[in-house]
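Accompanying notes for the structure given below.
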Amino acid sequence: MDATRWMHHFLHAPASRRFPPEAMAEIQQAIAEGESRHDGELCFVVEAKLPTRFLISGRGARTRAEDLFARLRVWDTQRRNGVLIHVLLADRAIEVVADRGVGARVPAAGWDGVMRVMQERFREDDWRGGALAGIKAAHVLLARYLPPTPGKRDELPDKPVLL
């Protein structure tokens, strides 16, 4: 067990400090606008710290992102086109989890680029800008590999999740 990591998680400020309601509204709008240009469904989650059970068992940001992908039912879209972007503030981690329909068409290196764009802005303490830049990059990537199809439905809420 890493005591420093535990301290970061137990003492971390609420996520709303870095992502106030105005920023969350902008993120929601960016998700809704971008989804009109492709067949993907984007879900954005910001979490201040890991739940204690994840810390105790030594699980990290990737495992938590996969857990949230299931809990938030991002996998439950008709075309298997859900994508979760998870920001874990205490670990300064960003994870992208894509459903099978997206993963089969979008190269993993593309998601690395999305995360890199976000990390650069986050390092500058530009949380709102980093989130919006990452969402924009994700929309560009999805539009390239999953163009909009007739009968596209908005199956996942556009509202970002703050944990």
Side-chain angles (χ1 to χ4, degrees), residues 2-38 40-56 59-77 81-99 102 106 110-143 152-163:
D2 181 3
T4 305
R5 184 170 186 235
W6 276 74
M7 292 299 289
H8 279 259
H9 283 268
F10 282 109
L11 299 176
H12 203 282
S16 59
R17 283 220 184 132
R18 296 228 167 87
F19 291 92
E22 310 82 51
M24 297 301 274
E26 285 183 73
I27 291 168
Q28 181 175 348
Q29 183 177 357
I31 291 170
E33 288 174 2
E35 284 182 352
S36 67
R37 296 188 298 272
H38 57 75
E41 289 287 329
L42 199 60
C43 179
F44 188 85
V45 179
V46 178
E47 189 167 31
K49 54 190 176 183
L50 286 172
T52 304
R53 71 182 188 281
F54 277 78
L55 289 171
I56 290 171
R59 293 180 282 174
R62 181 67 187 184
T63 306
R64 178 59 172 166
E66 291 167 349
D67 176 62
L68 290 169
F69 183 82
R71 285 179 185 271
L72 297 172
R73 300 180 64 92
V74 178
W75 59 268
D76 196 18
T77 58
N81 57 352
V83 176
L84 173 83
I85 298 176
H86 176 247
V87 177
L88 179 60
L89 297 173
D91 283 350
R92 294 189 167 265
I94 303 164
E95 295 290 342
V96 176
V97 181
D99 206 343
V102 176
V106 178
W111 300 119
D112 293 340
V114 169
M115 292 184 289
R116 205 170 19 259
V117 165
M118 294 175 70
Q119 287 167 341
E120 288 170 10
R121 300 288 285 271
F122 288 172
R123 267 190 230 110
E124 298 168 2
D125 221 22
D126 183 7
W127 299 95
R128 181 192 134 285
L132 293 172
I135 289 166
K136 180 179 180 182
H139 286 317
V140 168
L141 190 63
L142 289 166
K152 178 181 174 5
R153 300 181 331 184
D154 194 10
E155 297 181 74
L156 296 176
D158 297 330
K159 184 176 182 179
V161 177
L162 194 64
L163 300 173

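Excluded from the calculations below are hydrogen atoms, water molecules and symmetry mates; all remaining heavy atoms, backbone and side chain alike, are included.
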So, for [X] and [Y], which heavy atoms are closest and what is the spacing to 0.1 Å?
{"X": "F122", "Y": "V87", "answer": "CE1-CG1, 3.9 Å"}
{"X": "A131", "Y": "I27", "answer": "CB-CD1, 3.8 Å"}
{"X": "R73", "Y": "L156", "answer": "O-CD2, 3.7 Å"}
{"X": "A93", "Y": "A61", "answer": "CB-CB, 3.6 Å"}
{"X": "C43", "Y": "L72", "answer": "SG-CD1, 4.2 Å"}
{"X": "A133", "Y": "V117", "answer": "CB-CG1, 3.5 Å"}

Q: Would you mind telling me which of I135, L162, D158 makes a side chain to side chain contact (heavy atoms under 4.5 Å, CB included) with F44?
A: I135

Q) Can you tell which of E66, R64, R53 makes a side chain to side chain contact (heavy atoms under 4.5 Å, CB included) with R59? A) R53

So do [Y] and [X] actually touch side chain to side chain, heavy atoms under 4.5 Å?
{"X": "V74", "Y": "V97", "value": "no"}
{"X": "W127", "Y": "V46", "value": "no"}
{"X": "L89", "Y": "R17", "value": "no"}
{"X": "K159", "Y": "I31", "value": "no"}
{"X": "V96", "Y": "V83", "value": "yes"}
{"X": "Q119", "Y": "I94", "value": "yes"}
{"X": "D112", "Y": "M115", "value": "yes"}
{"X": "W111", "Y": "L141", "value": "yes"}

Report the distance from atom [atom1] of [X] to atom [atom2] of [Y], rounding to the nearest 0.5 Å.
{"X": "N81", "Y": "H38", "atom1": "CG", "atom2": "NE2", "answer": "9.5 Å"}
{"X": "L88", "Y": "F54", "atom1": "CG", "atom2": "CZ", "answer": "10.5 Å"}
{"X": "L84", "Y": "E95", "atom1": "CG", "atom2": "CD", "answer": "9.5 Å"}
{"X": "H139", "Y": "L42", "atom1": "NE2", "atom2": "CG", "answer": "5.5 Å"}
{"X": "D154", "Y": "T77", "atom1": "CG", "atom2": "OG1", "answer": "11.0 Å"}
{"X": "I85", "Y": "L68", "atom1": "CD1", "atom2": "CG", "answer": "13.5 Å"}

